**Student:** 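Okay, handing you the structure first.
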Amino acid sequence: MILEKAYEHKEIEKKWMEFWLNSTIFQVGQVVQGKRFSIVIPPPNITGGLHIGHGLQYTLHDVYTRWKRMKGCTSLWVPGMDHAGIATQYIMEKELAKENVTREQLGRDKFIERVWQWAGAAMDRIKFQLMKLGSSCDWSHQHFTLNDDLTRAVLEAFVRLYQERLIYRAEYIINWCPRCLTALSDLETIHKEYSGKLFYIRYPLKSGQGYVEVATTRPETIPGDTAVGVNPNDERYKVAIGDYVILPVLKREIPIIADEAVDPAFGTGAVKITPGHDPDDFEIGKRHKLASITIMTDSAKMNEQSGPYEGQDRFVCRKNILSDLANEGLLAKEEDYAYSIGHCFRCDTIVEPRVSKQWFVRMKPLAEPAIKAVEDGRVELVPSNWNKVYYDWLNNIRDWCISRQIWWGHQIPAYYCQDCSELTVSVTRPLKCQQCNSTSLIQDEDVLDTWFSSALWPFTVFGWPEKTVDLKQYYPTNLLITGYDILFFWVARMIMMGLKFMNDVPFKQVLFTGLIRDEKGNKMSRTKGNVVDPLEVIDNMGADALRFTLISQTADAMDVSFSRNKVQGNRAFMNKLWNVSRFVLMNIPDEFMVKPLRAEDLSLFDRWILTRTNEIIQEVDHNLTYYELSKAGNLLYHFIWNEFCDWYVEFSKPYLNAPDEKRKETTLNVLAVVLGKILKVLHPFTPFITEELWSIVKKLFKEDKTLALTAMPEYVETEVFAESKEEITAIQDVISRVRQIRAEMNIAPQKEVSCYVKIAEDKYGELFTYALPQILFLAKLKEFFLAAEFPADKMLVKDSAPCAHIGVDLLESVDRDKETARIEKEISKLEKTLNDVTAKLIDKNIIEKAPREVIESFQNRKDETQLRLNRLRAHLHDLQK
RNA sequence: AGGCGCGUAGCUCAAUGGGAGAGCGCUACCUUGACACGGUAGAGGCUAGCGGUUCAAUCCCGCUCGCGCCUACCA
């Protein structure tokens, strides 16, 4: 079978994608024996398609899933998606806006129905994208956070935490998005640097004798002030403590209080206290039993508490208040001031801290075991420099606001009695109030933070709270792969919840990936328009090329710049692999079957490539074990291209074209064996092309399994011949030197010349004689002579390698100037090396203190360099005669 | 403010306590029956700066400069 001349990924990827989709080879059985590997997907959300960052993460998932499968594990990758409450609702509202409909007009049920339609389409699209990428998920295990089974589990978890008082409902200051009209957790509030102003405002003393000056960035919250705070040790204000000031604008009396939290060095040392709209002030207010006044509506317009400003947007109000203060002479000064300000993670609106009744998870008791799990190694973070960040966050953790005032999500299973206002928390709707038996119960309107359900993902996908076989077999999972950006959002919370509900960690290792940036290192974002669509890249250059590029670039969770050029380079690599396979198949006769290799049949070249193949197999295994993905990728790239293709295949050609049938057959055997191993080792990285090639090559081995289900090759000691490497190096050196001379002397590539070598050691005589066909072929030589002395009657162009002194007879007059220049250049290089190494060898300190091996290596380098230098100097001398 | 990371060839990035590499780009030659998504040869770097440890530093330590990110209740 002859392959097409170039690798065309489109047809082939389509073929294997359909095969994988329609077969059950990636489905794990109900009850499995032996080693297991399980990994759950960080569920992509249904707001849109996958981006290139997903592409990286899911490629790594697939590499490990396939690798473990080929290493004999029952390998399960659980796919799924999450419902992304706020984000999805945001998008749906925008969709509805196109139809001039609001969600309120539609009503909750109809709205949810619409979102489900959207979700269905989105999930299909994501599944398609995952398939395009080559993902070997078990689709029979697919989950969605809002499906009935997971919903039940989420509610169950909520109820249990509530019963243990780890979930509570309280009035508290939270981050409020005035656009999404919902509470946000601290993590969903993105702090950004903001160039604003610091305003100094005078609050007149009640006595009428002067004023206290406060500094604030938010004058519009003045109507909410219920005190002015100073530090108790601040001499300037000691006498004022307990006194009252008149709140500007509203003319209300508020006390001057003392609190340690006030920094005397900042501003004027006095601060307005607004418990209703500032988290710190809220805490101070609690300590001093101050009133908390909410001065804005839920969409951040000033409310009736703001007197004349009622109805104004908060930023309009700021301007107006400032101008009123100025008119009254109460605005002392303003100065430029940069500070950070919270924004909604989804819609980027500036959040408004606001007091409201919300549901919270008590985090301290959950965080402690999670810290311990990483400390004692039950969970290993890779790379481990994330440990510190993880500990730091958990040690300073605050309670987690989990209620959201939206419709799309898990509705909180809390029911309020309309008659006695008793609260009942229950997975299923209670028939009557537990207190008064009233049947008039209303469920809490709010839904849970999406991340609450995500935190439960590693066990809910296996059927929790039922004690299922899956749960027993696949929990804890082996590995979690995700971006470091959701260490807190997700990883830490999963560990906490896993320990809480399963009494065991959710995964043993966490591999963090970097973020993918554009070619210039900028963050990708839809607004910048620099996002890369993985499907477009796959269509143009192939999924394997994309995968291999992503793998080769990822190291130590460092951010990577995505480069189309690199994908192009790897597409060329795929083509190279295709063509070397084509070469092997073209040379193999019909009916040929690979026979077991016998050491005595192997040529030097065979022994060498088998040695290298085994070394690579061992190294790649090591790299994957230690999450050195880019090393593994680069290793394979260079082995396949620069060793197998550039050298072994070329060495093999003279044998394939020679009459020695036995030699030819062994060579074909080795070509097939090495190619087969390459396809297997490469398969987790580039599944499509390797499956396709294997589907043809496998006949040679009388195998019929699909490549994904074959066993990963292992290091075979009997196929390792250490001495072959040095011998091959000598042969390569001779060939390279001749090629160099030819190139520098502008000898036409097709012109065959003669070559004379004076070998450095006897053993090379035998070696070069053995490799004569290869040397003649690859150096494009007519004749190759082993000589004690170079023939005196020839004008040779000479060079020197460690194994031999080489003279090439160009059969034309040598340009003496050119040759002189060439030799002088090389001499100067060698002289530098010689000087460096000689200096080391006469340095007493080094001689006395450096290890013996190092000294020996210096000595060897010196001898070798000296030898080559002598030869070239002699040659130069001859030239100048 | 604290923490983390980065600074190596034109670009994107590797590497190692003892001779600095790759991919792309660039130059020259070559359409040679696996491959022009190719081949052969080549140019290009006082490894950000300063100091320290060491016989030896691109690598280990400290400082400086530059860049990026994360955390934080600096009004």
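Residue numbering restarts at 1 for every chain, and letters A, B, ... go by the order of the sequence lines. As the structure is a computational prediction, the values presented were derived from the model and not from experiment.
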**Student:** Indicate, yes or no, whether a donor-acceptor pair under 3.5 Å links the base of B/A34 to the side chain of A/K653.
**Tutor:**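 Counting by modelled atom types and ignoring angles, a donor-acceptor contact under 3.5 Å is found here.
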
**Student:** Closest to the A/K5 side chain: B/C6, B/U40, B/A36?
**Tutor:** B/A36

**Student:** Output yes when at least one side-chain N/O atom of A/S561 is less than 4.0 Å from OP1 or OP2 of B/C13, else no.
**Tutor:** yes

**Student:** For B/G2, does either OP1 or OP2 sit under 4.0 Å from a side-chain N or O belonging to A/W393?
**Tutor:** no

**Student:** If you measure from the C1' atom in B/C69 to the same atom in B/A14, how many Å do you get, rounded?
**Tutor:** 22 Å

**Student:** Taking the minimum atom-to-atom distance to the side chain of A/Y337, which one of B/A75, B/U40, B/A34 wins?
**Tutor:** B/A75

**Student:** Looking only at atom P, what distance separates B/C26 and B/C11, rounded to whole Å?
**Tutor:**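 The same atom, P, in both gives a distance of 15 Å.
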
**Student:** A/F644 vs A/Y648 aromatic rings, parallel, tilted or perpendicular, using cut-offs 30° and 60°?
**Tutor:**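 Parallel.
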
**Student:** Do any side-chain nitrogens or oxygens of A/K576 fall under 4.0 Å of OP1 or OP2 in B/G39?
**Tutor:** yes

**Student:** May I ask you to verify if any side-chain N or O of A/Q553 is less than 4.0 angstrom from the OP1 or OP2 atom of B/U12?
**Tutor:** no

**Student:** Would you mind reading off the distance between A/N395 atom CG and B/C70 atom P, rounded to a whole angstrom?
**Tutor:**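 In whole Å, B/C70 P lies 21 Å from A/N395 CG.
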
**Student:** What distance, rounded to whole Å, do you find between the two C1' atoms, one in B/C55 and one in B/A43?
**Tutor:** 36 Å

**Student:** For RNA chain B, just give me the dot-bracket, please: Watson-Crick or G-U, both distances below 3.5 Å, ( ) intra-strand, [ ] crossing earlier pairs, | paired with another strand, . unpaired.
**Tutor:** (((((((..((((....[..)))).(((((.......))))).....(((((..]....))))))))))))....

**Student:** Can you tell me, in whole Å, how much space there is between the C1' of B/U12 and that of B/G45?
**Tutor:** 16 Å

**Student:** Using the benzene-type ring in the case of Trp, are the ring centres of A/Y337 and A/F266 under 6.0 Å apart?
**Tutor:** yes

**Student:** How far, in whole Å, is B/G44 from B/A20 if one measures between their P atoms?
**Tutor:**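 Result for the P pair: 15 Å, nearest Å.
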
**Student:** For a side-chain hydrogen bond (donor to acceptor under 3.5 Å, both in side chains) with A/T274, tell me which candidate from A/T226, A/D225, A/T216 qualifies.
**Tutor:** A/D225

**Student:** Using a cut-off of less than 4.0 Å, is there contact between a side-chain N or O of A/Y484 and OP1 or OP2 of B/G5?
**Tutor:** no

**Student:** A/N565 has a side chain; which of B/A34, B/C24, B/G68 sits nearest to it?
**Tutor:** B/C24

**Student:** Does a salt bridge link A/E650 with A/K653, judged by any charged N lying under 4.0 Å from a carboxylate O?
**Tutor:**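 A salt bridge is present here (some side-chain N lies under 4.0 Å from a carboxylate O).
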
**Student:** Tabulate atom names and distances for all N/O pairs under 3.5 angstrom spanning the protein and nucleotides 15-21 of chain B.
**Tutor:**
residue, atom, partner, partner atom, Å
B/G19, OP1, A/K840, NZ, 3.1
B/G19, OP1, A/R861, NH1, 3.4
B/G19, N3, A/R861, NE, 3.2

**Student:** Between A/D399 and A/Y172, do the side chains contain an N or O donor and an N or O acceptor separated by less than 3.5 Å?
**Tutor:** no

